[in-house]
Trainee: 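Have a look at this one.
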Amino acid sequence: MPRHHKRSLRARALLALAVLAAALTIALTVPVRLGLDLSGGTQIVLETRPTPATGISREATDRTLEVLRGRIDALGLAEPTLVRSGDHRIIVELPGVQDPGKAADVLGRTAQLTIHAVLGPADTNAPAVLPATERVLPDESGQPLRLKAAALRGDDVKGAAARFDPQNGTGWHITVDFTDQGSAQWAETTGEAACRPVGDHGRRIAIVLDDRIISSPGIDPSVGCGAGIGGGGTRITGSFTDTEARELALLISGGALPVPVEIIEQRVIGPTLGAAAITAAAWAAAIGTALTALFVIAVYRLMGLLAALALTCYGLVSYAALAALGATLTLPGLAGFVLTIGMAVDANVLVLERAREDFATRTRPTARSALTAGFRGALSAIADSNITTLIAAALLFALASGPVRGFGVTLGIGVLASMVSTLLITRVFAEYATSRPFVHRRPRMTGIADTGWIRDRLLRRNPHLMRHPRRWLAVSAALLVAAASGVLIRGLDLGIEFSGGRLIEYTTSRSVDPERARTALSEAGFPRTLVQTSGDNELTVRAEDLTNSQTGTVTDTITRLGGDARKIRDELVGPTLGEELRRNALIALGLALAAQLAYLTVRFRWRFATAAVAALAHDVLILVGVFAWLGKPIDGVFLAALLTVIGYSVNDSVVLFDRIRELLTPNRTASLALTANRAILQTLPRTVNTGMGAALILTALALLAEDTLTDFALALLIGLAIGTYSSVFTATPTALTLHPAARPRTPHRASAVAGHPDQPTRFRSAQR
């Protein structure tokens, strides 16, 4: 091995060792935050209270719920469950928080921001008889002040930020920006205060947060009477630490609650899934991962074994990243995490298939040179597919909230860990192995010295799949019509997360195992119920909207298990995926698709970018239609599966289009149809092998895991099949149809060979 190769290998090995050591240290010392379904958490019941200006209504409660959701997300309590109960209660469930007092402190700070004109100091000796529009509160020094009615409220605030100003000596402070209406009111209020003499208490403005004056600055003498302070903002100063300033800014910018809330109940609750379900999912994950590793080893021999070891390291790096970032891991998230191990096979398969191609076309090949060429040739496809996925992950994290935002975190971590695994760890393993004399003398044991069964068949038959691209588009159109028919005829069965349902709470004479309760309710005809313990003999059942007779059946079932079951709460609950969360998710998804379209347009041509997005929409619509025909619920688990399918679909199309671009580069006058067909045949072994790796894990989840994960795995299996089909038979024909000079040609069988990209190829000239 040349000296510079040894130095580069040593540098990569040291970097890989450092990454693995850091990941192992984090994994052993930092626990991953588990979601409600795995570990339980804290439940807090809030009740909205009326104000003179705002009465109690379902709309006000829904607005309050969304403000609380944004505040909890901003404070780092990820993956919460918030649901409206009745017209004026909100149930908040915080995963992993086992201290109700801590959770209550977070939510109890309602951040009711009001701004008042100061009338003057309060007379502590006089009887406390005040007009209804006035109030008395102590200022920062403890002196009581008489305040007028609030001139501005939290909904007049546009945003807030913590700033540090070392020059003027104010230290940490909070800048507050007002809305247009709030800005006008702020100028009017400060203009009235400026009419009072300098030094008079009436020249002060009190900023009140949670019934406490946090700042009561005087109006600067330069402000004239009636002029007020313009500019649409102000600044809150005080003895803030950096943590206090940032937390206060988060609370204020998170939005004031439309109505005050009061905590009426708080307690620790158990997980929504039992130990048996979690154990089944873990077994499914282990078996599926082992089958995937065995498949990769069977196909690629020694290189497959090294890739499997690198994938194990990938799992360690991903887990450590989740722990370090404080992400919340739910059971569907765990399944998605295991799935990304299967999908991370793709980058390794891309490298190994390119190495096989290089080995087959060289005159005197070696395993090491073929692998070097494989990493170099696959880099473009790996980069393009991962960058498009990272764009989507970043936008989902930045713009969405709740489980969609959590999915963006998991997706981004998986992509970055996959690149580290393939381009660093796998390469170190592979270069070290192929540099050994024992391996060098036996290239066939590496698994890249032969073309493989799939490629051999393609070499012999050399089919022309893109002879009639519009026929494939007709098949795709027929599939879309069938899917749309399912939505129109059967309708969508929206789950509790989207449609709401009924919450019933029981107290029983003896303790009830929630897992037995789930099984019994499922046998009684309620397979989608969520059962949680809350106390020794208290049980909460959350189900879809039940009739009175169905409620009686649920009560009878709980009575058989727990003895005397007394119903202590029976309320209709709203959706946990509220309207604002769904709207934000759709906006984030739309922007993610637009950003991917822009990136693909720059990297390829606009026709290829449009074709990739069209294939993505095709996959989503068909998956929704299949679930409609099957009568499966459209719930939060399905949403996670749908987002995963979107990522897989784009990734598959990008890999194929990257090969088309590579083949067109040296011969821009070649027929696009022939070039696309050649690219399909060259990438088909990678597509099949990657799909098999993912399918093994998903099949294990579908067969061995709990019912909820069965639907999750089913959605992903359908998406996997449709995504593999659409990248070849929807995206590619769409690109050919959009291309003005694309006309199918009869292939030259001797030259358009799938496994020989370096052979000279005679293509008929086509007008660009």
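Basis for what follows: all heavy atoms, side chains included, without hydrogens, waters or symmetry-related copies. Positions are given from 1 along the sequence.
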Trainee: With a 3.5 Å distance limit and no angle check, can you tell me whether Thr366 reaches the backbone of Ser369 through a side-chain donor-acceptor pair?
Mentor: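 Yes; judged by distance alone, with no hydrogens or angles, the pair exists.
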Trainee: Has the side chain of Ser421 got a donor or acceptor atom that lies under 3.5 Å from a matching backbone atom of Ala310?
Mentor: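 Yes; judged by distance alone, with no hydrogens or angles, the pair exists.
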Trainee: Looking at Val650, is its backbone amide N or carbonyl O close enough to the side chain of Ser653 to form a donor-acceptor pair, meaning the two atoms are under 3.5 Å apart?
Mentor: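 Checking the backbone N and O of Val650 against the side chain of Ser653, no donor-acceptor pair under 3.5 Å is found.
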Trainee: Taking Thr732 for its side chain and Phe729 for its backbone only, find out whether a donor-acceptor pair lies under 3.5 Å.
Mentor: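 No: the side chain of Thr732 does not pair with the backbone of Phe729.
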Trainee: In Å and rounded to the nearest 0.5 Å, what is the OG1 to CG distance from Thr699 to Leu291?
Mentor: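 Rounded to the nearest 0.5 Å, the OG1-CG separation comes to 9.0 Å.
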Trainee: Tell me whether the guanidinium CZ or amine NZ of Arg661 lies under 6.0 angstrom from the six-membered ring centre of Phe657 and within 45° of its axis.
Mentor: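 No - Arg661 does not lie over the ring of Phe657 by the 6.0 Å and 45° rule.
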Trainee: Would Tyr725 and Asp619 count as a side chain to side chain donor-acceptor pair (under 3.5 Å) here? Give the steps.
Mentor: CA-CA 9 Å; Tyr725 167 85; Asp619 299 344; over 6 Å; no
Trainee: Could you give the distance from CG (Leu294) to CG (Leu305), rounded to the nearest 0.5 Å?
Mentor: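 Going from the CG atom of Leu294 to the CG atom of Leu305 covers 10.5 Å.
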Trainee: Are side-chain heavy atoms of Val317 and Val19 found at a separation under 4.5 Å?
Mentor: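 With C-beta onward as the side chain, the pair touches.
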Trainee: Using a 4.5 Å cut-off on heavy atoms from C-beta on, say whether the side chain of Ser726 contacts that of Ser649.
Mentor: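 Sidechains of Ser726 and Ser649: in contact.
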Trainee: I'd like to check Thr675 versus Met466 (side-chain heavy atoms, cut-off strictly below 4.5 Å). Are they in contact?
Mentor: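 Contact flag for Thr675/Met466 side chains = no.
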Trainee: For the pair Ser418 (side chain) and Gly414 (backbone), establish whether a donor and an acceptor sit closer than 3.5 Å, ignoring hydrogens and angles.
Mentor: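 Looks like no, no N/O pair under 3.5 Å.
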Trainee: Can you tell me if Arg603 and Thr388 form a side-chain donor-acceptor pair at under 3.5 Å?
Mentor: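 Result is no, nothing qualifies.
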Trainee: For the side chain of Thr426 and the backbone of Ala307, is there at least one donor-acceptor N/O pair under 3.5 Å apart?
Mentor: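 Looks like no, no N/O pair under 3.5 Å.
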Trainee: Decide yes or no for Asn689 and Ile454: does some side-chain heavy atom of the first lie under 4.5 Å from some side-chain heavy atom of the second?
Mentor: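 Asn689 reaches Ile454 side chain to side chain.
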Trainee: Can you tell me how far CG of Leu621 sits from OG of Ser476, rounded to the nearest 0.5 angstrom?
Mentor: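 The distance works out to 12.0 Å.
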Trainee: Hey, does the side chain of Ser385 reach the backbone of Ile382 with a donor-acceptor pair shorter than 3.5 angstrom?
Mentor: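 Indeed, once roles are kept as given, a pair shorter than 3.5 Å links the two residues.
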Trainee: Measure across Phe429 and Leu309 and return the closest heavy-atom pair with its distance rounded to 0.1 Å.
Mentor: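 Closest heavy-atom pair between Phe429 and Leu309: CE1-CB, 3.9 Å.
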Trainee: Are side-chain heavy atoms of Asp346 and Arg686 found at a separation under 4.5 Å?
Mentor: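 Of all side-chain heavy-atom pairs linking Arg686 with Asp346, at least one is under 4.5 Å.
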Trainee: Determine the sole option in Val351, Thr434, Leu352 for which the side chain to side chain contact (heavy atoms under 4.5 Å, CB included) test with Ile448 is passed.
Mentor: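 The residue from Val351, Thr434, Leu352 that satisfies side chain to side chain contact (heavy atoms under 4.5 Å, CB included) with Ile448 turns out to be Leu352.
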Trainee: Does the side-chain contact (heavy atoms from CB on, under 4.5 Å) test come out yes or no for Thr734 and Thr610, once each step is laid out?
Mentor: CA-CA 8 Å; Thr734 300; Thr610 304; 5.6 Å; no
Trainee: Say whether Asn348 and Tyr300, considering side chains only, have a donor N or O and an acceptor N or O under 3.5 Å apart.
Mentor: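 Asn348 vs Tyr300: no donor-acceptor pair found between side chains.
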Trainee: Could you walk me through whether Asp450 and Arg301 satisfy the salt bridge (charged side-chain N to carboxylate O under 4.0 Å, His left out) test, starting with their C-alpha distance in whole Å, then the side-chain angles of each, then the deciding distance to 0.1 Å, before giving a yes or no?
Mentor: CA-CA 11 Å; Asp450 52 47; Arg301 303 186 185 95; 2.9 Å; yes
Trainee: How many angstroms lie between CZ in Arg678 and CG in Asn462, if you round to the nearest 0.5 Å?
Mentor: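 Spacing of CZ (Arg678) from CG (Asn462) equals 10.0 Å.
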Trainee: Can you confirm whether Leu390 sits close enough to Leu416 that some side-chain heavy atom of one is under 4.5 Å from a side-chain heavy atom of the other?
Mentor: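 Yes - at least one pair of side-chain heavy atoms lies under 4.5 Å apart.
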Trainee: Partners of Phe627 by ring-ring contact (aromatic ring centres under 6.0 Å, His included), sequence neighbours excluded?
Mentor: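 Testing Phe627 for ring-ring contact (aromatic ring centres under 6.0 Å, His included), a comparison that skips the adjacent residues, returns Phe638.
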Trainee: Mark yes or no for whether Thr446, through its side chain, and Leu302, through its backbone, hold a donor-acceptor pair below 3.5 Å.
Mentor: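 Checked: no pair found.
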Trainee: Does any non-hydrogen side-chain atom of Arg659 lie less than 4.5 Å from one of Arg354?
Mentor: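 Heavy-atom side-chain distance check passes, below 4.5 Å.
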Trainee: If I compare all heavy atoms of Gly723 with all of Asp652, which pair ends up nearest, and what's the gap?
Mentor: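 So the two residues come closest at O-OD2, 3.7 Å.
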Trainee: Could you walk me through whether Leu674 and His464 satisfy the side-chain contact (heavy atoms from CB on, under 4.5 Å) test, starting with their C-alpha distance in whole Å, then the side-chain angles of each, then the deciding distance to 0.1 Å, before giving a yes or no?
Mentor: CA-CA 8 Å; Leu674 287 175; His464 188 22; 3.9 Å; yes
Trainee: If every non-hydrogen atom of Ile413 is compared with every non-hydrogen atom of Ser318, which pair is closest and at what distance?
Mentor: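 Result for this residue pair: CG2-O, 3.8 Å.
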Trainee: If you look at every heavy atom in Leu681 and Pro463, which pair is closest and at what distance?
Mentor: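 Of all heavy-atom pairs spanning Leu681 and Pro463, the closest is CD1-O, 3.6 Å.
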Trainee: Within the side chain of Trp472, is there an N or O that forms a donor-acceptor pair under 3.5 Å with the backbone of Leu465?
Mentor: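 Yes; at least one donor-acceptor contact below 3.5 Å.
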Trainee: Could you check whether any side-chain N or O of Arg356 sits under 3.5 Å from a backbone N or O of Gly447, counting only pairs where one atom can act as donor and the other as acceptor?
Mentor: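 Yes; at least one donor-acceptor contact below 3.5 Å.
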Trainee: Tell me whether Trp283 at atom CH2 has more than 12 heavy atoms from other residues, nucleotides or ligands lying less than 6.0 Å away.
Mentor: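 Incorrect, the count does not exceed 12.
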Trainee: Evaluate the side-chain proximity of Leu664 to Arg605: yes if any heavy-atom separation is below 4.5 Å, no if none is.
Mentor: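 In contact.
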Trainee: Please walk me through it: do Leu656 and Gln682 pass side-chain contact (heavy atoms from CB on, under 4.5 Å)?
Mentor: CA-CA 9 Å; Leu656 178 56; Gln682 289 180 1; over 6 Å; no
Trainee: Would His618 and Ile722 satisfy side-chain contact (heavy atoms from CB on, under 4.5 Å), going step by step from the backbone distance to the final call?
Mentor: CA-CA 9 Å; His618 166 276; Ile722 295 298; 3.9 Å; yes
Trainee: With rounding to the nearest 0.5 Å, note down the distance linking CG in Asp658 to OG1 in Thr683.
Mentor: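 Asp658 atom CG to Thr683 atom OG1 measures 10.0 Å (nearest 0.5 Å).
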Trainee: Mind checking the CE-CZ spacing from Met692 to Phe295? Nearest 0.5 Å is all I need.
Mentor: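 Answer for the CE-CZ pair, Met692 versus Phe295, is 5.0 Å.
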Trainee: Can you see which heavy atom on Leu9 is nearest to which on Val428, and at what distance?
Mentor: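 Between these two residues, the closest heavy atoms are CD1-O, 4.0 Å.
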Trainee: List the atom of Ala702, the atom of Leu717, and the distance in Å for their closest heavy-atom pair.
Mentor: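 Closest heavy-atom pair between Ala702 and Leu717: CB-CD1, 4.4 Å.
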